[in-house]
Amino acid sequence: MREIRIGEQVEYAVERSDYPVEKIKSILANETVAVLGYGVQGRGQSLNMRDNGVKVIIGLRPESSGWKLALEDGFIPGQTLFSLEEAAEKGTIIQYLLSDAGQKAQWPTLKKYLTPGKALYFSHGFSIVFSDQTGVIPPKDIDVIMVAPKGSGTTVRRHFLEGRGINSSFAVHQNATGRAAERCKALGIAIGSGYLFETTFEKEVVSDLTGERGVLMGAIYGLWLAQYEILREHGHSPSEAFNETVEEATQSLYPLIAEKGMDWMYANCSTTAQRGALDWFKKFRDASKPVFEQLYQSVVSGQETKRVLSANERPDYRQQLEKELKEVADSEMWRAGAVVRSLRPENAGK
């Protein structure tokens, strides 16, 4: 356990060394981890746990695309690959990794398999915190725990294979057995976390939904698009606008931030770039902070989760989603991006 001090704030992080593989195996020796869902998180977490010696079974609808993928990954029907109901019945720890809308839809069927002493595991606080919308209210005689990786399941798996870890949040919502925390932390390291930071279901879902809609995905794309469009409207070519907006950010500057922080990135740029960044960042903060406050309140009030569930429950949601994503892919900015990426030295000749 590592102590972290930032100013007067003290936090503690669970390290991978706190839970070596043999300790994980000991804690989970009598457990069968049933992973319901084989999307990006389900797949990444399942494969990492299996590689760490945890007994893992997968629960899916046989007609789903995930079933074929699980077969390709070596899960065997009737042995380690089952229907959702069979897996839930066999598992002592149920990793509920269906989509948020899928969790709501499956809950009436799942809850009868949550017998005393089992653990219900989430990677997002959505269903529990907004139970008034999802109906997900676990029985009192089971553990309810969460490990939320701070990245996609693809990154969880990729970092694991590279011998690295990804930061994750963890929380215990309900401790019926007295072993909820140990189960949670052992699973957190088993799925490939490097460090585990303690939180609550409530704080995780609010920060996560704000981040996704904000700087992680929504806001950053909005800023990129605004700059790209201004450059294009003033006569700059598509490739120049893309290079100055996205390519330099992702290939040069953001990796420097990831390595040692924003100040280090500034220190490794020209004095002209430094001066411009220091002069302008407060203007962007002041312009965007009211939007972030509006976003935060929309998350806390449940408006964002209500919108997600409503959209996902529409029968044409998948088709509408594909249409919206295609509009992004077909936009000039990302057509320019495809050309620029193809010209990177590592992609030459591909």
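Count residues from 1 along the sequence.
Ring geometry, Phe201 versus His173: the interplanar angle falls from 30° to 60°, so the pair is classed tilted. Using cut-offs of 30° and 60° on the angle between ring planes, the pair Tyr96 and Trp107 is tilted. Between Phe284 and Trp280, the ring planes lie tilted relative to each other; the angle falls in the 30° to 60° range.
The pair Asp316-Lys323 does not meet the salt-bridge criterion, since no charged nitrogen lies less than 4.0 angstrom from a carboxylate oxygen. Using a cut-off of 4.0 Å between Lys/Arg side-chain N and Asp/Glu carboxylate O, Asp279 and Arg275 are scored as salt-bridged. For the pair Asp143 and Lys118, the salt-bridge criterion is not met [side-chain N within less than 4.0 Å of a carboxylate O]. Between Arg341 and Glu247, none of the side-chain N atoms (NZ, or NE/NH1/NH2) sits under 4.0 Å from a carboxylate O, so this pair counts as no salt bridge. Salt-bridge check for Glu304 with Arg307: passed, with a basic side-chain N closer than 4.0 Å to an acidic carboxylate O.
Here the side chains of Ile128 and Gln103 are not in contact, with every heavy-atom distance at 4.5 Å or above. Side-chain contact between Leu114 and Ile94 is present, with heavy atoms from C-beta onward closer than 4.5 Å. Contact annotation: the side chain of Phe122 never approaches that of His124 to less than 4.5 Å [non-hydrogen atoms, C-beta and beyond]. Side-chain contact between Val205 and Leu209 is present, with heavy atoms from C-beta onward closer than 4.5 Å. Between Thr177 and Asn175 there is a side-chain heavy-atom pair separated by less than 4.5 Å. A heavy-atom distance below 4.5 Å is not found between the side chains of Met146 and Tyr121. Between Leu97 and Ser123, some side-chain heavy-atom pair lies under the 4.5 Å cut-off. The shortest side-chain heavy-atom distance between Tyr38 and Ser46 falls under the 4.5 Å cut-off.
Using a 4.5 Å cut-off between side-chain heavy atoms of Ile, Leu, Val, Met, Phe, Trp and Tyr, with links allowed through other members, Val206 and Phe126 fall into the same hydrophobic cluster. Hydrophobic clustering (side-chain heavy atoms under 4.5 Å, transitive across Ile, Leu, Val, Met, Phe, Trp, Tyr) keeps Tyr221 apart from Leu325. There is a path of hydrophobic side-chain contacts, each under 4.5 Å, that joins Ile93 to Ile189. When hydrophobic clusters are built by joining Ile, Leu, Val, Met, Phe, Trp and Tyr residues whose side-chain heavy atoms come closer than 4.5 Å, directly or via intermediates, Ile220 is grouped together with Val246. In the hydrophobic cluster analysis, where Ile, Leu, Val, Met, Phe, Trp and Tyr join through side-chain heavy atoms closer than 4.5 angstrom, Met49 is grouped together with Leu60.
Atom CD of Glu3 sits about 10.5 Å away from atom CD of Glu11, to the nearest 0.5 Å. From Gln95, atom CD reaches atom CG of Leu187 across 6.0 Å, with rounding to the nearest 0.5 Å. We find the OG1-CG distance between Thr250 and Leu253 to be 9.0 Å, quoted to the nearest 0.5 Å. We find the CG-CD1 distance between Leu36 and Ile58 to be 9.0 Å, quoted to the nearest 0.5 Å. The line from CD of Glu31 to CD1 of Ile24 is 13.0 Å long, rounded to the nearest 0.5 Å. Atom OG of Ser207 is separated from atom NZ of Lys203 by 10.0 Å, given to the nearest 0.5 angstrom.
Side-chain contact annotation: Gln133 with Thr305, donor-acceptor N/O pair under 3.5 Å present. For the residue pair Thr199/Glu204, the side-chain donor-acceptor check at 3.5 Å is not satisfied. Side-chain contact of Arg61 with Gln106: a donor-acceptor pair under 3.5 Å is present, judged by distance alone. In this structure, a donor-acceptor pair under 3.5 Å is absent between the side chains of Ser237 and Glu240. A donor-acceptor contact closer than 3.5 angstrom is absent between the side chains of Glu259 and Tyr254. Side-chain contact check for Gln303 and Ser298: no donor-acceptor pair (N or O, by modelled atom type) lies under 3.5 Å. Side-chain polar atoms of Ser152 and Thr155 form a donor-acceptor pair below 3.5 angstrom.
Checking side-chain atoms of Gln274 against main-chain N and O of Cys269 turns up a donor-acceptor pair under 3.5 Å. No donor-acceptor distance shorter than 3.5 angstrom exists from the side chain of Ser310 to the backbone of Lys306, with no hydrogens or angles considered. Using a distance-only test at 3.5 Å, with no hydrogens or angles considered, a donor-acceptor pair links the side chain of Ser99 to the main chain of Gly102. Although no hydrogens or angles enter the test, the distance criterion places a donor-acceptor pair under 3.5 Å between the side chain of Gln227 and the main chain of Glu244. Using modelled atom types, no side-chain atom of Gln45 and backbone atom of Gly153 make a donor-acceptor pair closer than 3.5 Å. The main-chain N or O of Val136 is never found under 3.5 Å from a side-chain atom of Lys104 such that the two would form a donor-acceptor pair. Judged by distance alone, the side chain of Thr92 and the main-chain N or O of Thr32 form a donor-acceptor pair under 3.5 Å. Of the possible donor and acceptor atoms, none in the side chain of Arg213 sits under 3.5 Å from a partner among the backbone N and O of Val299. The main-chain N or O of Lys150 is never found under 3.5 Å from a side-chain atom of Asn167 such that the two would form a donor-acceptor pair.
Trp264 and Asn268 make their closest contact through O-ND2, 2.8 Å (heavy atoms, listed as atom of the first residue, atom of the second, distance). Of all the heavy atoms in Phe160 and Gly192, the pair that sits closest is CD1-CA, 4.1 Å. Counting all heavy atoms, side chain and backbone alike, Asn347 lies closest to Ser342 at CB-O, 3.7 Å. In terms of heavy atoms, Phe75 sits closest to Val56 at CE2-O, 4.2 Å. Across all non-hydrogen atoms, the minimal contact from Pro290 to Asp286 is CD-O, 3.3 Å. The two residues Gly188 and Ser193 have their closest heavy-atom pair at O-OG, 2.7 Å.
Remark: Lys90 qualifies as a cation-pi partner of Phe82 under the 6.0 Å distance and 45° angle criteria applied to the six-membered ring. By the 6.0 Å and 45° rule, Lys289 does not stack over the aromatic ring of Phe292.
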Residues Arg335, Glu332; criterion salt bridge (Lys or Arg N to Asp or Glu O under 4.0 Å); working and verdict: CA-CA 5 Å; Arg335 284 188 284 114; Glu332 184 190 90; 5.1 Å; no

- request: Tell me, with the steps shown, if Arg43 and Asp73 meet salt bridge (Lys or Arg N to Asp or Glu O under 4.0 Å).
  value: CA-CA 9 Å; Arg43 187 185 191 195; Asp73 289 338; 2.7 Å; yes

message: Is there a side-chain hydrogen bond (donor to acceptor under 3.5 Å, both in side chains) between Glu86 and Tyr113? Walk through the geometry before answering.
response: CA-CA 9 Å; Glu86 288 177 296; Tyr113 298 109; over 6 Å; no

- request: Run the numbers on Val33 and Lys55 for side chain to side chain contact (heavy atoms under 4.5 Å, CB included), then give the verdict.
  value: CA-CA 6 Å; Val33 181; Lys55 183 179 179 181; over 6 Å; no

- prompt: Given Thr210 and Leu295, is the side chain to side chain contact (heavy atoms under 4.5 Å, CB included) satisfied, shown in steps?
  reply: CA-CA 7 Å; Thr210 301; Leu295 165 58; 4.0 Å; yes

- prompt: So Phe242 and Trp334, ring pair (Phe, Tyr, Trp, His ring centres under 6.0 Å) or not? Walk me through it.
  reply: CA-CA 8 Å; Phe242 187 86; Trp334 292 109; 5.5 Å; yes

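The number of heavy atoms from other shown groups lying within 6.0 Å of CZ (Arg158) does not exceed 12.
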